[in-house]
J.: 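Take a look at this one; I'll ask things after.
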Amino acid sequence: MPDSPASAGKSPEPTPIPHPNYRPLKAYAFDPSQGRYFGNYMTLNVKYERLQPGPIGAQIAVIDYDASNQCYYEPVNLDDDPILIRNGLDPTESDPRFHQQMVYAVVKETIERFEFALGRPIHWRADRDRKDAPYRGKLRIFPHCMQEANAYYDPSVHAILFGYFAAPPEDELNLPGQTIFTCLSHDIVAHETTHALIDGIRPYFMECTSVDTPAFHEAFADIVALLQHFSMPDVMREAIAGTHGLLQMAKLSPYAAKGSEGERINAQIARDNPLVSLARQFGGAMKMRAGLRSAIGTPPDSHELDSKTEPHERGSILVAAVFDAYFTSYVKKTRDLMALAGANADNDADTTADLRPDLVNRLADEASTTAKEFEHICIRALDYCPVTDIQFGDFLQALITADYDLVPDDQYGYRSAFIDAFRSRGIRPYASSYSEEALRWGGPDVKAGSTLQCSGMYALLQQQTTEEDFRNKQKLNAQLIYKFALEHAEKLGLDPVDKAKSPINVFSFHPVLRTAPDGRPLLEMVAQVLQTMTSPGDNGGPPVKVHGGAALVFNVDGTVRYAIHKRVSRMAKAQSEFLTHLQNSSALAPYHDTATAQINFRALHRGY
């Protein structure tokens, strides 16, 4: 029994109630055009934190300033009692406060997916603002920044800027003149957040060093946005029922069969599968009825990369390769379920028989779980990518290495599916073959049986308590790795270090704790060593700074497990040739600063 109350006239001490682990917030799973179909009115459970009106949290600041109308909109206070008790505001196009809630929820959810997959907290691109500047160290989100059919991440202001615009008269999906808010598209919010996250993890991917670099940025952001849909069980159940288990299909079966007179009502018309296209409302307004970009399910063509240089078109090939591997894995994992149910998973035309509800639930669980695992593999692979000059072939090697590190036995054949899909799309790595062993990155260049160890790393296993504590420990570890890299430059794939002509800089160091599917923990350390060289400009132009370096993965004892390098001396020639190509290329020139080759997302995303 509980203790008896305190003596008369004296109140008992209040018992503190802990804060909840999660904050449920309502959002659109797709965008307003989907109505309530496909579980479009959904609730996202994001980690709880105390918020200021905006909302403004530890990592994100939503600032609802409309630059076109030069006004602020009333900020939402998600800690208001009436909002808390309703799990957030209901989805609506008319209230800017719901727009603020939605961008916060989707950005926060995407951050949490990255942190889980990477096994460490994420950090944004270094903020050069003065220490007392408002929102310093946070990603700024502007839900209604400009009247423009655009949304983009701007690294110079550490912000994602969302536009809004009027639908054109010829739009068949939206009412003519209807306001389209890009901040209400789950796809667009997740896509732009991914750009910001990549920039924090690999900031030198912003330098366009080949046709693959901007295409990779676009493709990876699309992959994350699309896989988030596939990991939503409610969405998956309706999709599996509508495709009869064939998720790659572009169309869903109609609710009712056609009569002798053909299609007479909407229930007899096959609907688009929203899982395999992006931002349907925005795409409809921009005269792209199938969504923004959808290469999923297209036939493989090993020569397609030879002719495509526009970032979205080229990136769609990488998206198609990843989803080819996903669908292949899903089909293999569910083949026995489909066979037991008497369904045919091999014939797209055999979609007449409805699947039983229990089978739909089993297939949805399997598809959702597989999507989460694929998303984790893709995100985790970022730590196994080079520091700069990302190529599609590099990403394949990063995928294979990252997955092997955590799941050596590959029970479901994910790595084989990736290899086959990338090979069929003509994505070629710099490896001796497409075998898994050849595709895994190697360690430092040492004699067989030898290792390279960076001993004495400071406080690697201690929990960082504050951002300042994290920064201080990172500096100490960076100093150790800097001395280590100077001493072993050649073995780590760096050029001989001349502090005046080819200096090196350790600009990122993170201990990571990842958990394998069987519950086994994997503790590693990842670091980035950057090497800089000034290259003479072509045709008398100004000198150009060129970057190379090595991404290092250490075991817990400091042994170098992988040294993923791009020599700066080789990069100098390649980047000089590419800058010349960039200035002469009509497909690429509008999307970059041709002097520095920095990606310009505002130009790249205009009209998506």
Side-chain angles (χ1 to χ4, degrees), residues 26-44 91 173 186-187 225-259 262-281 283 289-291 294 296-298 323-375 412:
K26 297 172 185 175
Y28 290 118
F30 297 95
D31 57 41
S33 71
Q34 199 66 42
R36 291 182 178 271
Y37 290 110
F38 265 83
N40 193 34
Y41 283 31
M42 67 176 297
T43 298
L44 296 174
L173 183 63
H186 192 292
D187 298 319
L226 286 164
L227 282 173
Q228 288 197 18
H229 287 166
F230 282 85
S231 62
M232 300 173 184
D234 289 344
V235 171
M236 294 307 298
R237 278 189 280 273
E238 192 162 346
I240 285 172
T243 61
H244 301 270
L246 305 176
L247 288 172
Q248 69 275 20
M249 291 176 61
K251 294 288 185 180
L252 305 177
S253 299
Y255 292 118
K258 290 186 290 187
E263 298 166 346
R264 302 299 296 271
I265 60 174
N266 277 324
Q268 295 173 320
I269 300 173
R271 300 159 291 153
D272 291 334
N273 182 355
L275 288 175
V276 296
S277 64
L278 281 161
R280 184 169 176 261
Q281 184 185 42
R289 295 187 60 187
S294 180
I296 296 176
T298 56
F323 275 89
D324 186 335
Y326 167 74
F327 289 131
T328 297
S329 299
Y330 161 74
V331 168
K332 288 182 177 179
K333 290 173 73 174
T334 59
R335 195 179 187 89
D336 57 341
L337 290 173
M338 298 289 280
L340 287 170
N344 186 352
D346 301 316
N347 185 356
D348 284 4
D350 185 18
T351 58
T352 56
D354 289 337
L355 300 180
R356 290 175 49 180
D358 54 347
L359 177 59
V360 168
N361 290 333
R362 287 287 305 278
L363 292 173
D365 289 342
E366 200 66 71
S368 177
T369 299
T370 304
K372 289 177 183 176
E373 291 171 348
F374 265 67
E375 185 180 20
Y412 299 114

J.: So H186 and M232, do their side chains get closer than 4.5 Å, heavy atoms only?
T.: yes

J.: Is the closest side-chain heavy-atom distance between L337 and L363 below 4.5 Å?
T.: yes

J.: How long is the span from the CZ atom in R362 to the CG atom in L355, to the nearest 0.5 Å?
T.: 13.0 Å

J.: Is there a donor-acceptor contact under 3.5 Å from the side chain of T334 to the main chain of Y330?
T.: yes

J.: So how far is it from K332 NZ to T370 OG1, rounded to the nearest 0.5 Å?
T.: 12.5 Å

J.: If you take all heavy atoms of A29 and V235, which pair is closest and at what distance?
T.: CB-CG2, 4.3 Å

J.: Pairing donors with acceptors under 3.5 angstrom, does anything connect the side chains of T328 and D324?
T.: yes

J.: For the CG atom of L226 and the CD atom of E375, what is their distance to the nearest 0.5 Å?
T.: 10.5 Å

J.: Can you find a pair of side-chain heavy atoms, one from V331 and one from M338, that are under 4.5 Å apart?
T.: no

J.: Locate the shortest heavy-atom distance separating G35 from N40; write the atom from each residue and the value.
T.: O-ND2, 2.8 Å

J.: Which class fits the ring pair F230 and F327: parallel under 30°, tilted 30 to 60°, perpendicular over 60°?
T.: perpendicular

J.: Classify the angle between the aromatic ring planes of Y28 and Y41 as parallel (below 30°), tilted (30 to 60°) or perpendicular (above 60°).
T.: perpendicular

J.: In terms of relative ring orientation, are F323 and Y326 parallel, tilted or perpendicular, with 30° and 60° separating the classes?
T.: perpendicular

J.: Nearest 0.5 Å please: distance from the CG atom of N361 over to the CZ atom of R356.
T.: 11.5 Å

J.: With the side chain counted from C-beta on, respond yes when D234 and M42 share a heavy-atom pair under 4.5 Å apart, and no when they do not.
T.: no

J.: Might you point out which heavy atoms bring A371 and S231 nearest each other, and give the distance in Å?
T.: CB-N, 3.9 Å

